[in-house]
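Before any comments, here is the structure.
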Amino acid sequence: MTIAKPSLELLGHNLPIGESGVAASAHADIRFPFDGSIIGTAPVGDAASAALAMTEAAAVLPAMAAAGTGKRRALLMGIHEKLSARSEEFVRLLVLETGKPRVDCAVEMARTLTTWTAAAEEVSRTTGETVPLDLQPLGEGMLGYYTRRPAGVVVGIAGFNYPVLLATHKIAPALAAGCPIVVKPSPDTPLATLLLVELIRDVLTAHDLPRAAVQMVNGGVEVGETLVGDSRAAVVSFTGSAAVGHQIARAAAPRKAVLELGSNTGLIVDNDADVDAAVDAVIRGGFYANGQACISVQRVVLLAGITEEFTNKLAKRMPEVVVGDPRDMATRVAPVINLASAARITSWVAQALTEGARIVAQTAAVGSGLDDPGADPESLIYPTVLTNVPHTSPLWCQEIFGPVVVLETVNSMAEAIELVNESRYGLQASVYTRSLKSAFEAINGLDVGGVVVNEIPGFRSDIMPYGGVKDSGVGREGPRWAIEEFTTTRMAMIRPA
C-alpha cells in the first residue's frame, strides 16, 4: 500500500498572544515521527513572550470573571460546534504531528468534543451553598453562604501524546470557570494546539469576549519556568513527567498546582477471570497510542492458576498488533515520538534482558509503509511482552511510555494488590475477576486514583474525576472537578441590620 507523503502549509508566523498576536522570536520545523519529513513550522516564544502573555491574561481577568453563565455556556458550545466541523482536519494533523495511529487520533478528537460539551453543561452547576452560621452562639441570627469565583489566570502545560485533548482538559474548564488561560504545548507537538487556540480565539471574538482569554506560548524550559514562576498564575495545570511535575510544584508554591504525572499501570488477572477478556485487555490496552499513554497496560500481575493459559493466548494474539504507517487504518503501533524516546525504551529492554528477563511474545505483523525508504525504523519499537523482569528494572518500576508490557506471577489476590502498590506511582489500575469479593478487595486495596473492574486500566470517561496519588500527581481533571480546581470559594456572612 502506497501512502502519500505528508504536506502541510505553514500554520502561522505569530504566537497567539494578546488580541492580535505577536511575532515569534524563532520558528521550529515540526516533523512526522514516521519518516522525519517536515509537516509544518511552528512559532517559538521565549521568556519575554511568556511574560507578555501573563500580562495580557491578567488584564482580561475582570472581563472573563464578569461573563455570565449563559454567555460562558454559549461560548463553550460555540467552540464545540466549530471543532466538530473541523474534526477530520484535526485528526489528519494529529496523525502527522504525534505519529499516533489514525484510529487513536480519531478517538482523541471524539473525546475532545465530549469534553467541550461536558464543560458547557457544568457551567450551570457551578453553585455554592448555605452555611449554618448559627451553629455557634456568635452566629445566631446571621445568614451564611458561599459562591465559587474564578481563581485567576490559569497556566496549562500539556504533553505530546494527546495534545488537543490535554489542552482541552485545561482550556474548557478554565473558560467555564471564568478564568483566562495561557497554554504551553509540548515543543514536539505544537501545531494542533496552535490550530485549536486560534479557533477558540475566533469564537471568543464572535461572543464579544477578549481573544486574550486564551493564549499559547510554544517554547522550551525558559517559557515554562516563566509561566509557572509568575505570581499572577493562580493555578498551574500540568500533564507530564513526575520529575518535571515536582519542579513545577516547588516553583508554583504556595499557589495551586494540579499535576497528572503518569504511572506504570498495573492489571491484575484473577484465577477465576475470563482469560480471553483479560488477554484482549492487554492487546487493546497495552499498545494503543504506541504505548505512549500514562494509563496503558504496563505491569500484568497474573494469579498462578491462569499464568500459562494467559501467556499462551496472549502470544497467539500479538500478530493482531499491526506495526506500520500511522496513516493506515490497520496500523496499531507506529514509531514513537522521537529517537530519544526510542533509545530509552530500547536500552531499558536490553538492560532487563541482561538481568534475566525473557521475551515471551513480540509482534511480527508488519503493515504498510515500513518498506518505504523514507520510513525511520530507528524510532520504531516492536510491541513486546516480557516475563521474569526484575522489580528493580526500569521496565517494572519506571514508566515505560512505549509498546512494552511485562508479566509477573503471584499466588493470591492479596499478593497481587501488594505488588501493584509497590510503586512510586498510583494513577489507575484494573482487575479481571468474576468474584465480587476480589473486585472489592482490589477497589479498596489498590493505592491509585481509579480502579477499573473487567476493563482496561486505560478506560477514562472524560466526565469523571481523573488523577492519581503518590508520584502520579495531585488534583483531579474532568470538567466538573477541574472547574473546582480553577475556582475559589467566597464566603458571605450577613447579619441583617
Side-chain angles (χ1 to χ4, degrees), residues 73 76-77 79-80 83-84 87 90-91 94 100 103-126 156 158-159 161-177 196 237 239 258-263 265-268 277-278 280-289 292-298 425-433 439-440 442-444 446 448-469 472-486:
R73 185 183 186 279
L76 293 164
M77 290 306 299
I79 294 168
H80 172 271
L83 273 174
S84 182
S87 178
F90 273 94
V91 169
L94 285 169
K100 285 188 312 190
V103 63
D104 296 316
C105 294
V107 169
E108 176 174 356
M109 277 311 299
R111 291 179 57 192
T112 295
L113 293 173
T114 297
T115 303
W116 282 101
T117 55
E121 292 165 359
E122 289 298 331
V123 170
S124 62
R125 300 172 187 154
T126 308
N161 53 333
Y162 284 81
V164 173
L165 180 62
L166 295 177
T168 289
H169 268 290
K170 302 174 192 314
I171 301 171
L175 294 178
L196 172 69
S237 179
T239 302
V258 180
L259 307 173
E260 195 276 277
L261 306 179
S263 195
T265 306
L267 183 155
I268 298 171
D280 185 68
V282 176
I283 296 295
R284 291 187 295 118
F287 308 109
Y288 71 96
Q292 297 170 133
C294 49
I295 45 178
S296 65
V297 177
Q298 178 170 330
Y425 298 109
L427 189 47
Q428 290 196 168
S430 72
V431 57
Y432 273 74
T433 182
F440 280 105
I443 290 169
N444 294 323
L446 286 167
V448 293
V451 178
V452 190
V453 179
N454 294 328
E455 186 49 89
I456 62 171
F459 176 87
R460 179 183 177 184
S461 169
D462 291 283
I463 64 170
M464 75 184 197
Y466 175 73
V469 298
S472 286
V474 63
R476 293 295 180 265
E477 288 192 337
R480 172 183 168 186
W481 289 270
I483 290 169
E484 290 185 3
E485 300 281 7
F486 297 168

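Hydrogens, waters and symmetry mates play no part in the numbers below; they use all other heavy atoms, side chains included.
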For this session: With the side chain counted from C-beta on, respond yes when F486 and S237 share a heavy-atom pair under 4.5 Å apart, and no when they do not.
Result: yes

Exercise. Which pair of heavy atoms, one from G478 and one from H169, lies closest together, and at what distance?
Worked result: N-ND1, 3.9 Å

Exercise. When you look at CD1 of I443, are more than 12 heavy atoms from neighbouring residues, nucleotides or ligands closer to it than 6.0 Å?
Worked result: yes

For this session: Quick one: do R284 and E455 satisfy side chain to side chain contact (heavy atoms under 4.5 Å, CB included)? Show the steps, please.
Result: CA-CA 10 Å; R284 291 187 295 118; E455 186 49 89; 2.9 Å; yes

Exercise. Do L196 and T112 come close enough that some side-chain heavy atom pair is under 4.5 Å?
Worked result: no

Problem set entry | Shortest non-hydrogen separation from S472 to G426 and the atoms involved | OG-N, 2.8 Å

For this session: Report the distance from atom CD1 of I171 to atom CH2 of W116, rounding to the nearest 0.5 Å.
Result: 5.5 Å

For this session: Take V448 and Y425 through the test side chain to side chain contact (heavy atoms under 4.5 Å, CB included) and record every step on the way to the result.
Result: CA-CA 8 Å; V448 293; Y425 298 109; over 6 Å; no

Problem set entry | Min side-chain heavy-atom separation V451-Q428 under 4.5 Å | no

Exercise. Is any side-chain heavy atom of L175 closer than 4.5 Å to a side-chain heavy atom of I79?
Worked result: yes

Problem set entry | Distance, nearest 0.5 Å, that separates CD of Q292 from CG of D104 | 10.5 Å

Exercise. Do E485 and K170 sit within salt-bridge range, that is, some charged N less than 4.0 Å from a carboxylate O?
Worked result: no

For this session: Locate the shortest heavy-atom distance separating A172 from A119; write the atom from each residue and the value.
Result: CB-CB, 3.8 Å

Exercise. Is a donor on one side and an acceptor on the other found under 3.5 Å between the side chain of R73 and the backbone of A176?
Worked result: no

Problem set entry | V297 and F287, any side-chain heavy atoms less than 4.5 Å apart | no

For this session: Grab the two heavy atoms, one from S461 and one from F459, that are nearest each other, plus how far apart they are.
Result: N-CE2, 3.9 Å

Exercise. How long is the gap from CD1 on I268 to OG1 on T433, to the nearest 0.5 Å?
Worked result: 10.0 Å

Problem set entry | Minimum heavy-atom distance A118-I463, with the two atoms named | CB-CG2, 3.6 Å

Problem set entry | Working for side chain to side chain contact (heavy atoms under 4.5 Å, CB included), residues T239 and E477 | CA-CA 10 Å; T239 302; E477 288 192 337; 3.9 Å; yes

For this session: Could you tell me the separation between the CG atom of L94 and the NZ atom of K100, rounded to the nearest 0.5 Å?
Result: 6.0 Å

Problem set entry | R111 bridged to E108 by N-O distance under 4.0 Å | no

Problem set entry | From OG1 (T115) to CG (D462), nearest 0.5 Å | 3.5 Å

Seminar exercise, completed: I456 and A281 have their tightest heavy-atom pair at CG2-O, 3.4 Å

Exercise. Are the side chain of S296 and the backbone N or O of G286 linked by a donor-acceptor pair below 3.5 Å?
Worked result: no

Problem set entry | Pairwise distance CG(L83) to CE(M109) - rounded to 0.5 angstrom | 5.0 Å

Problem set entry | E121 and L76, any side-chain heavy atoms less than 4.5 Å apart | no

